[in-house]
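First the structure, in the form of structure tokens, and then the observations on it.
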There are 2 protein chains.
Amino acid sequence: MILGNAKPNGEITPCEQCPLRRLPCLREFTLNELEFVKRFKVDELRVEPGASFLYEGSRSEHLYTVLRGWAFRYKMLDDGRRQILNFALPADMVGLQGAVMEEMEHSVEALTPLTLCVLPRHRLYELYSQYPTLAFDITWLAAREEQMLEEHLVSIGRRSALERVAYVLLHLYNRASELGMARNNVVQFPFTQQHLADALGLSLVHTNKTLKRLMATKAIRWQGRDFELLDKGVLHGLAGTVPAPQKNRPFI
Amino acid sequence: MILGNAKPNGEITPCEQCPLRRLPCLREFTLNELEFVKRFKVDELRVEPGASFLYEGSRSEHLYTVLRGWAFRYKMLDDGRRQILNFALPADMVGLQGAVMEEMEHSVEALTPLTLCVLPRHRLYELYSQYPTLAFDITWLAAREEQMLEEHLVSIGRRSALERVAYVLLHLYNRASELGMARNNVVQFPFTQQHLADALGLSLVHTNKTLKRLMATKAIRWQGRDFELLDKGVLHGLAGTVPAPQKNRPFI
DNA sequence: CGGCGTTTTGACAGGCTTCAAGGGCCGTGG
DNA sequence: CCACGGCCCTTGAAGCCTGTCAAAACGCCG
């Protein structure tokens, strides 16, 4: 079912040495939990940019945690319209829906070279019955995903184009920043204006014009892959409230 | 924190006699589970139409299951713009976010006289550690909520006003119908056109005109509280794919 | 150098919002 | 019993925000 250049990978990062564990925003595993997660992670998967690895309507045998890279979750309409639901960054879980319910209701595509931890769904129940703290963490992750979707819904439903653009950019900057991907207020954004447009429910042309308008305020700079936050206050003023980053959040 | 006419209720429906358990679309509890849920439900709460019982920014001591009535989850912007995120019907859980995370990111308001089962959040961990099947059910419920939000996001982001209206109405008709609230293709909708507008990200005026246009196709009839589905095929054609109702779904 | 994906710009059309006002229904109170 | 007020639904007119169409400029890579 995997198109593009996706392939299992011989060398797996052992969980003890997981680079994510060093992030201050993520909670620590107990030794017991670490032991289980290590066994739970059966493989690593690499996906090339532009390739989807989970499909709407299919039932996946695995769920995944993003180890490195960016991806996005999306849905398509019959006539080709696309809605991007959210972006996935390291420490995010993808495919939980397919693991818990009958089938996936959205697809997931890599934006950059992507490394995923592969977790077999048939052992999810083992996790629930033996590691309630981890089960709780998974629920926490699902609730956080829901929260981001809700914010997104407010943006698309009730905010103007300028407000929407300000909101996503600030949102994504914050998320990337929290993961240590920012240096001097600059992060690398791997997506195009078309991706932004599809996330925001706008046309490409109007997204472009709105971005220009936003850059004219000197709140941000964005050329090539470099995104620079010049004036957080101004951006915040346009975007409205952006949820504070969660401290000590779980991940699996 | 509860405004309006909300009050605890002396007489509680015992879980053995819960009317929801008779619904064919919901899964059966084992005796063990039933025993626990019975203890988990510490009270019943009644809320009057128009009253909110969960607030954005607050941290609730309880989570709730809807026993009778309709509610809706929503978020407000500073200047009064409102976005309705989803509607809650019997067997739906509300307030999970507040129970799992730091605080609620949305509010919940009753549309009709509402009866809620009160579940204390501080015993949620007991559930996770002793009843993994129920913990799994909660995750399932969170995943389903996420799925509905995603569909909603596609509507608002990529569908025209006519398509959006067709979609929600079909969606809500299906959900109500599944719960046995339909008779001869008629259900009672307790919300106004203003609610619909706020759910769909449209203005009231345009929602009204779009509804008129939809009724002109003879796909639906909606006057007073009565909503009648006249031609499911036509509505489906406008709405695009609407997810099939889930069989044997969990609830708590 | 040529080709392709991305960004940019301009012109125009149209869907949706806003403003404004009237009508219907119902509960309340004189 | 009727008048009144409030809420909801309905309709018209005007204008803006956003979409669509079209084309050119840019940057990157083979």
Side-chain angles (χ1 to χ4, degrees), chain A residues 4 48-51 72 77 79-84 109-112 155-169 188-216 220-227 238, chain B residues 4 48-51 72 77 79-84 109-112 155-169 188-216 220-227 238:
Chain A
E48 290 306 308
F72 63 92
L77 296 181
D79 57 4
R81 284 176 283 183
R82 177 174 74 171
Q83 177 65 46
I84 292 183
E109 179 179 322
L111 270 172
T112 66
S155 268
I156 296 188
R158 285 302 179 211
R159 287 200 247 250
S160 71
L162 187 61
E163 294 172 318
R164 288 184 219 184
V165 172
Y167 184 86
V168 242
L169 291 178
Q188 303 289 110
F189 277 168
F191 44 79
T192 67
Q193 295 186 8
Q194 180 67 68
H195 289 117
L196 263 200
D198 285 345
L200 296 175
L202 295 170
S203 70
L204 170 60
V205 173
H206 197 60
T207 302
N208 178 274
K209 286 173 180 167
T210 306
L211 268 171
K212 288 270 145 184
R213 205 145 54 93
L214 183 56
M215 292 201 262
I220 63 162
R221 189 178 59 79
W222 188 21
Q223 41 194 11
R225 316 257 91 164
D226 285 1
F227 174 86
L238 288 168
Chain B
E48 291 306 308
F72 64 92
L77 296 182
D79 57 3
R81 285 176 284 182
R82 177 173 74 170
Q83 177 64 46
I84 293 184
E109 179 178 323
L111 270 172
T112 67
S155 267
I156 296 188
R158 286 302 180 210
R159 288 200 246 249
S160 70
L162 188 61
E163 293 172 318
R164 289 185 219 185
V165 172
Y167 184 87
V168 240
L169 292 178
Q188 302 290 109
F189 276 168
F191 45 79
T192 68
Q193 295 186 8
Q194 181 67 67
H195 289 117
L196 263 199
D198 285 345
L200 297 176
L202 296 170
S203 70
L204 171 60
V205 174
H206 196 61
T207 301
N208 178 275
K209 287 173 180 167
T210 306
L211 268 170
K212 288 270 145 183
R213 206 144 55 90
L214 184 55
M215 292 202 262
I220 63 163
R221 189 178 59 80
W222 188 21
Q223 41 195 10
R225 315 257 92 163
D226 286 0
F227 174 86
L238 287 168

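Below, read A as the first sequence line, B as the second, and so on, with proteins coming before strands; counting in each chain starts at 1. Excluded from the calculations below are hydrogen atoms, water molecules and symmetry mates; all remaining heavy atoms, backbone and side chain alike, are included.
C:dT8 atom P lies 9 Å from atom CD of A:Gln223, rounded to whole Å. Here the P atom of nucleotide D:dC17 and the CD1 atom of A:Ile156 are 20 Å apart, to the nearest Å. Remark: C1' of D:dT10 and CE of B:Met215 are 10 Å apart, rounded to the nearest angstrom. When the C1' atom of C:dC25 is taken as reference, atom CZ of B:Arg225 falls 12 Å away, rounded to whole Å. A:Phe191 places its CZ atom 21 Å from the P atom of C:dG5, with the value rounded to the nearest Å. In this structure, B:Trp222 atom CH2 and D:dT10 atom P are separated by 9 Å, rounded to whole Å. Counting to the nearest Å, the P atom of C:dC16 and the CZ atom of A:Arg159 are 21 Å from each other. Distance, B:Arg213 CZ to D:dT11 C1': 15 Å, rounded to whole Å.
Contact between the side-chain N/O atoms of B:Gln194 and the OP1/OP2 oxygens of D:dC7 is not found at any separation under 4.0 Å. The shortest distance between the side-chain N/O atoms of A:Gln193 and the OP1/OP2 oxygens of C:dT8 is below 4.0 Å.
Comparing A:Lys212 and A:Arg158 against DNA chain C, the residue whose closest nucleotide sits nearer the 5' end is A:Lys212.
A donor-acceptor pair under 3.5 Å links the side-chain atoms of A:Arg81 to the main chain of B:Arg158, judged by distance alone. The closest donor-acceptor contact from the side chain of B:Arg159 to the backbone of B:Arg164 lies at 3.5 Å or more, if one exists at all.
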Could you go over nucleotides 21-23 of chain C and give all protein N or O partners under 3.5 Å, atom names and distances?
none

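Between the base of D:dG19 and the side chain of A:Lys209 there is no donor-acceptor pair shorter than 3.5 Å.
Using a 4.5 Å heavy-atom cutoff, the side chains of A:Leu196 and A:Phe189 are not in contact. Counting heavy atoms from C-beta on, the side chains of B:Ile156 and A:Gln83 never come closer than 4.5 Å. A:Leu214 is listed as a side-chain neighbour of A:Leu238, based on a closest heavy-atom distance under 4.5 Å.
Taken to the nearest 0.5 Å, the OG atom of B:Ser160 stands 3.5 Å off from the CD atom of B:Glu163. Taken from OG1 in B:Thr207 to CG in B:Asp198, the straight-line distance is 8.5 Å, to the nearest 0.5 Å. Note that CG of B:Leu202 is 12.5 Å distant from NZ of B:Lys209, once rounded to the nearest 0.5 Å.
The stretch residues 196-207 of chain A comes close to DNA chain D through A:Gly201, A:Leu202, A:Ser203, A:Val205, A:His206, each having a heavy atom under 4.0 Å from the strand.
In this structure, the nucleotide among D:dC8, C:dT8, D:dT11 sitting nearest to the side chain of B:Asn208 is D:dT11.
Nearest heavy atoms, B:Phe191 versus B:Arg225: O-NH2, 4.2 Å.
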